[in-house]
Every structure is written in C-alpha cells, then in structure tokens.
Amino acid sequence: MAAQAMMRKAAPCAMRQLKCITVDVTGTLIAYKGLLGDYYCKAAKAVGVPCPDYDQMHEGFKVAYTEMASKYPCFGQATKMSNRDWWRTCVRNSFREAGYDYSNEIFDHVFKRIYSMFGSTAPYMIYSDAQPFLRWARKQGIVVGVVSNAEYRYRDIILPTLGLNQGSEWDFGLFSGIVGIEKPDPRIFEIALKKAGGVAPEHALHIGDSLVKDYLPARELGMHAMLLDRFKSKEARVAREAGVPVFPDLSDAQNFIISWQEQVKHMGLRESFLHQAAMKKHIKNFGRL
C-alpha cells in the first residue's frame with residue numbers, strides 16, 4: 001500500500017521543454033554478461049581451487065554486497081575505505097557466505113583476478129540503443145548526465161572502453177563511489193541539476209531501471225522520469241499498472257520524447273501542460289511491452 005501511495009504521489013507531471021536528461025548505467029546503458037557468481041567461480045577455478053555452485057556463489061555475493069553497502073555505503077567513500085579494500089572484503093565475504101573460506105595466500109590470487117576482471121570491460125556489454133540514444137539527445141541540445149550507484153572505474157575505464165565517452169555521449173557523470181551519495185537519495189539528482197547548469201526539475205528527465213532508486217526519487221524532486229524494463233520484471237509491470245511510464249528500451253523512450261517535444265513545440269511553452277489522460281495515451285502507444 002505504501003509503495004502504491006508513493007507511485008500515485010509520483011504520477012506524471014505537466015510536460016515542459018527538456019533541457020537535461022540523466023540516465024542510470026547498469027540495466028539501462030550496459031549490462032553484465034551472465035551472473036556475477038559465474039566470474040567469481042571462474043577465478044577460483046583458474047587458481048586451481050574448488051569453488052561453490054554458481055547459483056550458491058551468486059546468492060552469497062548478494063548477501064555480502066548488501067551487507068557491505070549498508071555498513072560502508074558508496075563503496076567505502078563515506079568512511080574513507082579504499083575501493084580495493086571494499087571489494088576485497090565483499091569478495092571474501094561472498095565466498096564465505098557460499099561456504100568457502102580460502103587461505104589468505106589463495107584468496108589473494110583469486111581476488112586479484114576478480115578485481116582486475118571487473119576493472120575491465122570483460123564482464124560487461126553495451127546495449128545497442130545506448131550510444132545512439134545519448135548522441136541523439138546531445139544533438140538536440142539536451143545536456144546528458146550519467147547518474148549511477150557505481151565506483152570510479154565506471155567513469156575512468158568501463159564506460160569509455162565500451163564506447164560511452166564524456167564529451168560525445170554524456171556531458172557529466174555522478175558516480176556514488178566518487179561523490180559519496182547514492183540513489184535513492186534525492187541529493188544526487190539535485191547535484192545533477194546543478195551540474196547541468198542549474199536546470200529546473202520540470203525541465204529535466206531521468207531514465208533508469210529501478211522504481212525505488214531511479215523513478216521515485218527523481219519524481220519526488222519534481223523531475224520527469226521514465227522506467228526502463230528490458231527484462232519484463234514484476235516491479236515494472238506493477239509500476240505500469242499504477243500509471244508509471246514504462247518502456248522496453250531506449251529506442252521506444254526516444255520515440256516518446258520526440259512526440260513529447262513536438263507537442264511542446266506546437267502548443268508553446270505557455271500552453272505546454274498536457275493532462276494525464278494524454279500522457280497515458282502516449283505511454284500506451286510507445287511503452288507497451
């Protein structure tokens with residue numbers, strides 16, 4: 001009931017001319033190739049030691065990651081823990097949760113492989129619509145920002161190597177491991193609006209794949225927001241039924257934005273309000289999975 005009430009409170013607002021679009025990263029622009037547990041097990045096998053069942057390893061990682069994110073948020077940035085030490089503890093606890101506790105010497109070899117792998121593009125893939133969408137938005141004169149609960153290597157290594165570069169695909173980036181604030185804290189969106197040149201919330205749009213971390217905090221701040229659902233999740237289905245704009249990919253989101261901007265252009269900024277019925281009509285046309 002509380003979640004439904006929040007979604008009603010965050011219902012679509014009057015449309016304005018877009019000046020800024022912020023986007024989430026993982027699940028929106030890029031994705032993991034397979035499950036994280038697979039890579040952990042492969043690293044252990046490469047060192048020549050037994051490892052847990054892949055599913056067991058993945059579950060162990062989820063427990064360890066959730067605990068670390070709670071105790072040491074933003075990849076340790078708030079407590080001055082180094083990024084490497086944060087991941088070392090997380091990886092060690094992941095194996096322990098899965099029932100494996102290697103000696104320090106063996107674990108050092110396993111961790112070195114894992115940390116190096118996730119500092120490269122090997123475990124990641126870029127969605128085919130990511131680069132075209134970002135370039136299209138910037139070509140329209142819209143400031144594009146990346147807002148992600150991710151560490152510094154996303155900015156410095158992973159995104160550029162995948163072909164998502166600052167200056168050609170995005171204008172500014174906010175990564176929780178660098179700024180020390182993570183979604184769903186609305187302050188990270190406030191910083192984004194300042195980075196975009198002091199854009200008012202009603203002239204900004206956020207796109208992400210999480211109702212709680214992306215859609216709701218952006219809407220609470222007064223921004224427009226869209227939910228991306230590449231995997232036909234239950235969360236997205238429930239959100240769509242509650243009136244949240246949900247799209248299967250960035251291409252459909254782009255089509256909707258083009259339609260939105262055309263209406264704003266023809267009606268004029270002074271008469272740019274569309275009521276909710278019109279909004280739902282567009283969502284039906286472009287957002288149905």
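For the numbers below, each heavy atom of this structure counts, side chains included, while hydrogens, waters and symmetry mates do not.
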Arg153 side, atom CZ; Thr161 side, atom OG1 - distance, nearest 0.5 Å
12.0 Å
Side chain proximity check, Tyr127 to Leu228, heavy atoms < 4.5 angstrom:
no
Do other residues, nucleotides or ligands put more than 12 heavy atoms under 6.0 Å from Arg135 CZ?
yes
Do Leu18 and Gln140 pass the side chain to side chain contact (heavy atoms under 4.5 Å, CB included) test, and can you show the C-alpha distance, the side-chain angles, and the key distance before you say yes or no?
CA-CA 10 Å; Leu18 273 184; Gln140 310 309 306; over 6 Å; no
Using a 4.5 Å cut-off on heavy atoms from C-beta on, say whether the side chain of Tyr40 contacts that of Ile114.
yes
Lys33 atom NZ, over 12 foreign heavy atoms within 6.0 Å
yes
Do Met57 and Tyr32 sit in the same hydrophobic cluster, where Ile, Leu, Val, Met, Phe, Trp and Tyr count as joined when their side-chain heavy atoms come under 4.5 Å apart?
yes
Run the salt-bridge test on Arg92 and Asp108 with the 4.0 Å N-O cut-off and return the result as yes or no.
no
Using a 4.5 Å cut-off on heavy atoms from C-beta on, say whether the side chain of Ile207 contacts that of Phe247.
no
Sidechain-backbone polar pair: His203 side chain, Gln17 backbone, donor-acceptor under 3.5 Å
yes
Roughly how far apart are Asn149 CG and Ser210 OG, rounded to 0.5 Å?
9.0 Å
Sidechain-backbone polar pair: Ser70 side chain, Glu67 backbone, donor-acceptor under 3.5 Å:
no
Donor-acceptor pair, distance only, cut-off 3.5 Å: does the side chain of Ser120 make one with the backbone of Met117?
yes
Heavy atoms only: give me the nearest Ala130-Leu250 pair and the separation to one decimal.
CA-CD1, 3.9 Å
For Asp252 and Asp249, work out which heavy atoms get closest and say how close.
N-OD1, 2.8 Å
Atom CG of Leu211 and atom OG of Ser233: how far apart are they, to the nearest 0.5 Å?
9.0 Å
Min side-chain heavy-atom separation Trp136-Ser251 under 4.5 Å:
no
Spell out, as yes or no, whether a donor-acceptor pair under 3.5 Å connects the side chain of Arg240 to the backbone of Val244.
no
Please check this pair: side chain of Glu169 against backbone of Gln131, looking for a donor-acceptor N/O pair closer than 3.5 Å.
no
Whether Ser94 side chain and Cys90 backbone form a donor-acceptor pair below 3.5 Å:
yes
Determine whether a donor-acceptor pair (N or O, by modelled atom type, separation under 3.5 Å) exists between the side chain of Lys183 and the backbone of Ile188.
no
Kindly work out whether a path of hydrophobic side-chain contacts (I/L/V/M/F/W/Y, heavy atoms less than 4.5 Å apart) joins Ile157 to Val25.
no
Looking at Leu205 and Met226, what are the two nearest heavy atoms and their distance?
CD1-CG, 3.8 Å
Side chains of Trp86 and Glu151: do they bring a donor and an acceptor to under 3.5 Å?
no
Determine whether Met68 and Phe75 make a side-chain contact, defined as any pair of heavy atoms from C-beta on separated by less than 4.5 Å.
no
Report yes or no: does Trp170 contribute a side-chain atom to a donor-acceptor pair with the main-chain N or O of Leu134 at less than 3.5 Å?
no
Tell me whether Phe95 is reachable from Ile106 by hopping between hydrophobic residues (I, L, V, M, F, W, Y) whose side-chain heavy atoms are closer than 4.5 Å.
yes
Roughly how far, to the nearest 0.5 Å, is CZ of Arg88 from OG of Ser82?
10.5 Å
Residues Arg219, Phe189; criterion side chain to side chain contact (heavy atoms under 4.5 Å, CB included); working and verdict
CA-CA 10 Å; Arg219 287 296 298 115; Phe189 293 104; over 6 Å; no
For a quick check under 3.5 Å, do Asp24 and Tyr215 share a side-chain donor-acceptor pair by atom type?
no
Closest heavy-atom contact between Val147 and Ala192?
CG2-CB, 4.2 Å
May I ask you to test the Tyr65-Leu36 pair for a side-chain heavy-atom distance under 4.5 Å?
no
Using a 3.5 Å distance criterion without hydrogens, assess whether the side chain of Glu59 forms a donor-acceptor pair with backbone atoms of Asp55.
no
Would you check, one step at a time, whether the test side chain to side chain contact (heavy atoms under 4.5 Å, CB included) holds for Ile21 with Ile257?
CA-CA 11 Å; Ile21 294 177; Ile257 295 169; 4.1 Å; yes
So, do Tyr124 and Tyr154 have ring centers that fall under 6.0 Å from each other?
yes
Hey, are Arg187 and Glu190 close enough for a salt bridge, meaning a charged N less than 4.0 Å from a carboxylate O?
no
Value rounded to 0.5 Å, distance of CD in Glu97 from NE2 in His58
14.0 Å
Does any non-hydrogen side-chain atom of Phe172 lie less than 4.5 Å from one of Thr22?
yes
Audit row: Val199, Val143, side chain to side chain contact (heavy atoms under 4.5 Å, CB included) steps and yes/no:
CA-CA 9 Å; Val199 172; Val143 178; 5.7 Å; no
Quick check: is Ile30 connected to Leu35 through a chain of hydrophobic side chains (ILVMFWY, heavy atoms under 4.5 Å apart)?
no
Any carboxylate oxygen within less than 4.0 angstrom of a Lys/Arg side-chain nitrogen, looking at Arg230 and Asp209?
no
For Tyr102 against Ala44, the heavy-atom pair lying closest together
OH-CB, 3.7 Å
Arg155 side, atom CZ; Gln166 side, atom CD - distance, nearest 0.5 Å:
8.0 Å
Phe118, Phe107, Tyr115 screened by side chain to side chain contact (heavy atoms under 4.5 Å, CB included) with Val91, the one that passes:
Phe107
State, to 0.1 Å, how close Val146 and Leu159 come at their nearest heavy-atom pair, and which atoms those are.
CG1-CD1, 4.4 Å
Are any non-hydrogen side-chain atoms of Lys232 and Arg237 less than 4.5 angstrom apart?
no
Answer yes if Val47 and Tyr54 sit in the same cluster of Ile, Leu, Val, Met, Phe, Trp and Tyr residues linked by side chain heavy atoms under 4.5 Å apart, and no otherwise.
no
Under 3.5 Å, is there a donor-acceptor pair between the side chain of Asp214 and the main chain of Ala218?
no
